[in-house]
Colleague: 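One structure is given below, represented as structure tokens, and several questions about it will come after.
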Amino acid sequence: MPGKLKAKIVAGRHLPVMDRASDLTDAFVEVKFGNTTFKTDVYPKSLNPQWNSEWFKFEVDDEDLQDEPLQITVLDHDTYSANDAIGKVYIDIDPLLCTEAASVISGWFPIYDTIHGIRGEINVLVKVELFNDLNRFRQSSCGVKFFCTTSIPRGYRAAMVHGFVEELVVNEDPEYQWIDRIRTPRASNEARQRLISLMSGELQRKIGLKVLEMGGNAVVGYLQCFDLEGESGLVVRAIGTACTLDKISSGSFSNTHTHPNTAPPSNACNSPSKDGKESPLAHGCRSTHNSPVHSACSSQRLSQNFSVSVPTLIFTGMGSGGSAGKEAGPLKTLLRQQTQTALEQREFPFFTLTSFPPAFLVHVGGVVSARSVKLLDRIHNPALGNTRSYKLLDWNSVTADEPETRDAWWEEIRQEIKSHAKALGCHAVIGYSENTSICEEVCILSASGTAAILNPRYMREGCLDMGSTDHRFDDPSPPSCGFCHIPYDELNMPFPAQLTYCYNCRRQKVPDVLFTTIDLPTEAAVTGKGCLIQARLCRLKKRAQGEVNATAISNLLPFMEYELHTQLMNKLKLRSMNALFGLHIQISVGENMLLGLASATGVYLTALPAPGGIQVAGKTPSELNEQHVLTIQKRINDTIAKNKELYQITPPELTEEGVGSPIPEPRHRSRLFRSHSESSDEVSELDLSHGKKDAFVLEIDDTDAVEDIHSLLTDASPPTGFYSCNTETMPGIYNWTTAVQMFTSVRVLRLSNANLSNQSLNKIFTDLCENLLKSFYFKLRSMIPCCLCHLNFNVAVPEEELIQVSVTAVAMTFDKDQAQERPAERFITKGGSETEDQLQFSLELCADTSSTNSQTSSKISGVQENALVSSRAASVDYGSFADRCSTWLELLRLKAHTIRRGSVKTSRRTQSLAHSVSSLEHCSPLTEGRSRSLRSSRSFGGSSVTMVKMTPLSFLPGTRIIKYLGIINMFFIRETTSLREEGGVSGFLHSFIAEVFAMVRAHVAALGGNAVVSYSMKDCVLMENPNKNQAQCLINVSGDAVVCVRETDPEPVAQMVNSGQTCAADGTS
Amino acid sequence: MSVELDVFVGNTTIMDEEVYQLWLDGYTVNDAVKARVDAGVLDECEATEDVLLSDTMDQYRTFQMCERLLQSPAKLANQLLFQITPHRQAMLIERYYAFDDPFVREVLGKKLSKGTKKDLDDISAKTGVTLKSCRRQFDNFKRVFKVVEELKGPLVENIRQHFLLSDKLARDYAAIVFFANNRFETGKKKLQYLTFQDFAFCAGQLINNWTVGAVDNMVEDMDVDLDKEFLQELKELKILITDKDLLDQHKSLVCTALRGKTKALPEMEANFKNLSRGLVNIATKLTNTKDVRDFFIDLVEKFIEPCRSDRWTSADLKLYLTHYTNSAHILDTFKHQAVWDRYMGVIKSCIFKMYHD
């Protein structure tokens, strides 16, 4: 009985009028925790009641403290009839259980009703007194910190990274219980909200226990999802990365802000290096699809299991990848042995992190993904009558005839991912995530991540002291390119890839293209800027039931994945880039179609070879065709040239080749496949040859290809002044100002004509996404120069003929004049070492060129049916040496120049920070100088609301996070039976989203915070029935509540942390 | 294929001032889109009309959701639904309560009742202000009127604090409330040439000098009702025109003082008695509510029009009124100096304001 929860109800304001006669309300409050309820007195006839109640005390187990929310209900007293509910507030008290987080919750909370939305506010005070619990077999895991952030939180250092934790809990969905037929929608919604709150509390507690077992004290990259399986139940599942975090004393990390991903200096080095990936088409993207598994007959299980790896089929199936990397060089072997001991103890060497402490990430293999189509079955709930109102089901015991459990499903998928990673010569998967798409009884489970080799140092007990013993395992490659080097053995490659020596260090091999699901490592050497690249695809499917349906879907999946990768590859080439980061592929299932959306941020990694152009070829030679081909070729070349300029991609290597002719030399072209892989064996054979070839050819004979080209060319680039990416920050932009604007946008399209073809559907879908982006650019035009970061697209098919796309992102402005500041800054902070590196590099480059040339020229051009191949012959003449060297000299001179400029700029920078006070104003489209004069003369009644910034990123530019207050994880339902009166679905959803934001902000402010980082909207499920004038929507959001101060501010005074109302965000003052 | 739903919600509420103005002006979404296209917004960001439509709809929805808060501006500051920076809140409120001069001229002095509200479509047609905007403005007047009606303390200050308006706007509202309360006639043809600002100035003068609040600042309605005692005392001024000697003496004092200072002296001399009678008669009749209502029309008919027909310049007018007022002090039999000053002070500044060359 180790805890005492105390709550005090202070006051209410802006309450709705509940008594029409008096236009007033007689409000009182019920405070409930577990099964105990307290009531305040009725405060008669007021819309702004002052209850000022006593402290209500609940004596409870800490287990309950973790699971249960504090439930506050505001009611209107009615003498003659039942009291009317005004609304509720659920307060998650988890943050109070952690000594380092908040110590009191105090503030105004919106009173929320699932039918009417926000109805006034209530001021509440909550405290917890925890007693020491010495029970070793305790069920609670108080004190384990949770972070949504997918990197080591600022202000902490990772003493040890323990690895993957996962858990899921299942229950019957109240919406589908028999009682739902007789209770009101409000009661039903509230039952659901409460249940989910309980389930996520329990889930978190259980994960916490696992972390404690592993010896950790925190979960980083915590990702919780709901699967609303309808009739068959409700699943809440979570994954995360268990770590042991040490808090860094405040003084030592004052510099962390210089780079978002930078770890504290005490952490030995500053940027996580990570990321690796493979080219989608040619390398290393492995994914698997399981055929539907009929739960009744397990014999069929996985019978149709096939793995497609997209273009390059490495058809290994499970566990077949073992051979890869066996013959690796001595260093690699050593490394592998080391890490294996550390990692093999773990069932799944997975990490949900996308950013790593420095030196943690050694090499990156490529994207691994697995999908599985399942049929859902009803969950039988035998637990009714239990003392608790809900009960978790143990699947194995409940459904004896159905051995399948959700756990087993995920286990299966994870095994597959693991084996894919192995096949890539990697022992770990990073940037790992899981998700589902459900339509009726069919469910697609997906998991994806990036295969990688990690430094074992962080995973072994007690070795973080940077012991000298570990140095021999340190990868000798420079951090700016080390992660790109292939982890697998080049003589025994898991898939065909075109390897070259690293363009940065010239010592190790790199693939020609790299795809990853992680963020760009801060140290990575990048040329130019990056951009958002999306592949979009719609596929019609026949309506079907049960297993037939599931089979149909799983048959479509490999083709979709293939198409998506082809698109990504083409678009990447079109932008003259060679790597993708933050790749996220979502496949959504509907009654009669499948939607696929792949988003990633393309960049040009300096270490990787320059991408070739795209060459168009006609299959059947004819006059007319010839002309057509030429036109298209010209358009493509023009686009490539334009993009190079737009993204400032001018790698030194390219200068001598690119100048003069906009049409790339034939030898730089690589081939685009349009082969239809009927049989996987065949394709894998083809791919072997593909690895050696280097032309990228687009055939335009079949109509599909024409479509492809069109979609390729219709993607509009963002208007001047805008950049976009789906990673944490944009490569090439480093001087953010403090103006941020987080937003959520949802668009639903109704397809009215029934007989659409795949092509027109694709067009519609593509336009939908493009138009959304255009809308963002327009709305945020006042923030120019600006970058949309962390653009997170979510597609769904809520009903037949409806396509829903929801996007959450943040717009951040940057200082245009200083766009080139970062390299200089780096030089300054790091001393001359970097410059030396560059010098060395250039020398090596010269020395190596001859070998590269001979190597490339010796390559036999790939043979593919009618590919227009021109050998990458000895066209690199020795004459280009001089050019190359002189270019480097040029570059060095330039760098030196920037260094000088840099020092001047730094002082200017502080100046701009001083101006950041008014930064928030930038968020609104137009200037407001006009009203400024009014301001001084006005007082706003004292109690103005704390500004709370929100961002999907793990940091706020220009500020320093000084405290993490705990995780925000909220689930809301809103329903209406007067849809028209609320302005239709748009009006309904608009106000709901605004309400969700408001509630998140209120909770953060009550915890004493002024910002939410790593914010995400996990679910937005909208159901509507305009004929009945009804709609319902469910939204799940999460993030980390933090206190942050402006970078320029001194360490905050202690009191600031606890007083919710006083710590104003910058921007309010 | 149709867009079923389209929303965009920012953590900091995004509001475009131009769109806000269009919304306030009562434009429909489609008209607003047209207006924006005409204003050249499309060129700003390579946008299409679809984008503009979507943006306009979003903003209109936001404004509609905000409207409830704008009607009690104090709530805007501590509500949680929209995160809006304080000075932006000020802008929203200020613009929401701003009004069109042509519209307010029509309503000024009328009873803020349902009856008037019914006439709004006529006013809309006449002024070219959209009906929607007329309604908003009318409701604002009414709301402010209702709130301050029951409050003690200075009118302008009350309005400023309750509606968080700028000083200028608060003064304008005070004028509107004052006019509505006293039902001053402003619609007559002869008064058409006067702008709202002319009246607002006069209202300010009246509020500051003739109301109860001018002498006692803790009474209810102190700034809205004229000081009854003062109006009674005004009757005493009648002596200035009824006493023949006094009238002549007054005239000669004024004319002597004016000699050599203006070309209009002959007309002034000729008209002195008429003009003086006019002003004093207005003063003595102010105890009648009906005559209070006609205050401005009387000023125009009895004083301004005669002067204008004699082509007095503003300077002439000023000179004349100054001496007219001051000379009364020298009249030894005239005992009501204080009342006279309180009366003439206001009259003088009102006439200056209302006399357009």
Side-chain angles (χ1 to χ4, degrees), chain A residues 13-14 108 110 118 121 719 741-753 764 771 774-779 781 802 920-921 923-926 928 930-932 934-935 937-938 940-941 943-945 947-950 983 985-987 989-991 993-995 997-998 1001-1002 1022 1067-1068, chain B residues 1-20 41-42 44-48 50-52 54-55 57-59 61-62 64-65 72-95 160-161 164-167 169:
Chain A
R13 68 184 182 197
H14 308 159
W108 289 98
I118 292 179
E121 289 123 35
Q741 171 66 279
M742 188 280 291
F743 61 87
T744 289
S745 181
V746 182
R747 213 171 262 198
V748 176
L749 212 61
R750 182 176 289 281
L751 311 165
S752 45
N753 44 343
I764 289 169
N771 288 339
K774 275 184 205 152
S775 266
F776 301 158
Y777 296 138
F778 179 74
K779 279 186 185 285
R781 65 193 184 282
L802 288 188
L920 218 79
E921 299 158 15
C923 307
S924 43
L926 291 163
E928 29 221 295
R930 191 193 142 154
S931 50
R932 185 85 41 100
L934 304 170
R935 218 168 137 191
S937 61
R938 186 145 323 162
F940 278 92
S943 69
S944 90
V945 181
M947 280 284 174
V948 176
K949 290 191 176 187
M950 287 161 76
V985 254
S986 293
L989 190 63
H990 192 137
S991 52
I993 293 174
E995 283 167 352
F997 285 177
R1001 288 192 303 255
L1022 179 74
T1068 46
Chain B
M1 195 190 68
S2 58
V3 176
E4 180 93 357
L5 178 158
D6 180 17
V7 297
F8 178 102
V9 190
N11 179 40
T12 307
T13 308
I14 294 187
M15 292 171 170
D16 184 317
E17 287 188 37
E18 280 167 37
V19 187
Y20 185 51
V41 180
L42 287 183
E44 272 181 45
C45 209
E46 303 168 30
T48 60
D50 286 350
V51 168
L52 209 54
S54 145
D55 178 60
M57 300 251 271
D58 262 329
Q59 305 235 20
R61 264 200 307 273
T62 309
Q64 267 151 28
M65 285 191 260
S72 40
K75 274 190 192 167
L76 193 65
N78 56 16
Q79 53 84 33
L80 303 176
L81 190 56
F82 300 102
Q83 182 156 276
I84 306 169
T85 53
H87 81 270
R88 209 158 171 78
Q89 289 177 11
M91 181 279 292
L92 289 176
I93 296 167
E94 193 78 3
R95 295 261 190 110
R160 221 162 64 99
Q161 284 191 353
L164 307 175
L165 300 179
S166 66
D167 195 58
L169 198 53

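Below, each value reflects all heavy atoms present in this structure, side chains not excepted, and no hydrogens, waters or symmetry copies. In what follows, chains are A, B, ... by sequence order, proteins preceding strands, each numbered from 1.
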Colleague: Please look at Arg750(A) and chain B and tell me whether the side chain, the backbone, both or neither of the residue comes under 4.5 angstrom of a heavy atom of that chain.
Modeller: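 The answer is both parts of Arg750(A).
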Colleague: Counting heavy-atom pairs under 4.5 Å with chain A, which one of Asp50(B), Thr62(B), Val51(B) comes out on top?
Modeller: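 Winner by heavy-atom pair count: Val51(B).
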Colleague: Any idea which heavy atoms bring Thr12(B) and Gln741(A) closest together, and the distance?
Modeller: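 Taking every non-hydrogen atom into account, O-NE2, 2.8 Å.
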Colleague: Please classify the contact between Phe997(A) and chain B as side chain, backbone, both or neither, with a heavy-atom cut-off of under 4.5 Å.
Modeller: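 The answer is the side chain of Phe997(A).
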Colleague: Identify the two heavy atoms, one from Ser986(A) and one from Asp6(B), that lie closest to each other, and give their separation to 0.1 Å.
Modeller: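 For Ser986(A) and Asp6(B), the tightest heavy-atom pair comes out as OG-N, 3.2 Å.
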Colleague: With rounding to the nearest 0.5 angstrom, report the CZ to CG distance, Arg781(A) to Asp16(B).
Modeller: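 Answer for the CZ-CG pair, Arg781(A) versus Asp16(B), is 5.0 Å.
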Colleague: Could you pull out the closest heavy-atom pair between Ser54(B) and Lys779(A), with the gap in Å?
Modeller: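 So the minimum-distance heavy-atom pair works out to O-NZ, 4.4 Å.
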Colleague: Under 4.5 Å from any heavy atom of chain B, what part of Leu749(A) do you find: side chain, backbone, both or neither?
Modeller: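 When you check distances to chain B, atoms from both the backbone and side chain of Leu749(A) fall under 4.5 Å.
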Colleague: Examine whether an atom of Ala1002(A) lies under 4.5 Å from a heavy atom of chain B, and if so say whether it belongs to the side chain, the backbone or both; otherwise answer neither.
Modeller: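 Ala1002(A) touches chain B through side-chain heavy atoms alone.
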Colleague: Please report the closest heavy-atom contact between Asn78(B) and Glu121(A), naming both atoms and the distance.
Modeller: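 Minimum heavy-atom separation between Asn78(B) and Glu121(A): O-OE1, 3.4 Å.
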Colleague: I need the minimum non-hydrogen distance between Val746(A) and Leu5(B), along with the two atoms involved.
Modeller: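 Residues Val746(A) and Leu5(B), closest heavy atoms: O-CD2, 3.5 Å.
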Colleague: Please classify the contact between Ile84(B) and chain A as side chain, backbone, both or neither, with a heavy-atom cut-off of under 4.5 Å.
Modeller: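 For Ile84(B), backbone heavy atoms alone lie under 4.5 Å from chain A.
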Colleague: Mind checking whether Arg1001(A) and Leu80(B) have side chains closer than 4.5 Å, heavy atoms only?
Modeller: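 With C-beta onward as the side chain, the pair stays apart.
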Colleague: Less than 4.5 Å to any heavy atom of chain A: does that hold for the side chain of Asp58(B), its backbone, both, or neither?
Modeller: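 When you check distances to chain A, atoms from both the backbone and side chain of Asp58(B) fall under 4.5 Å.
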Colleague: Given side chains that start at C-beta, do those of Val41(B) and Phe778(A) come closer than 4.5 Å, heavy atoms only?
Modeller: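 A side-chain contact under 4.5 Å exists here.
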Colleague: Shortest non-hydrogen contact from His990(A) to Phe8(B)?
Modeller: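 For His990(A) and Phe8(B), the tightest heavy-atom pair comes out as CE1-O, 3.9 Å.
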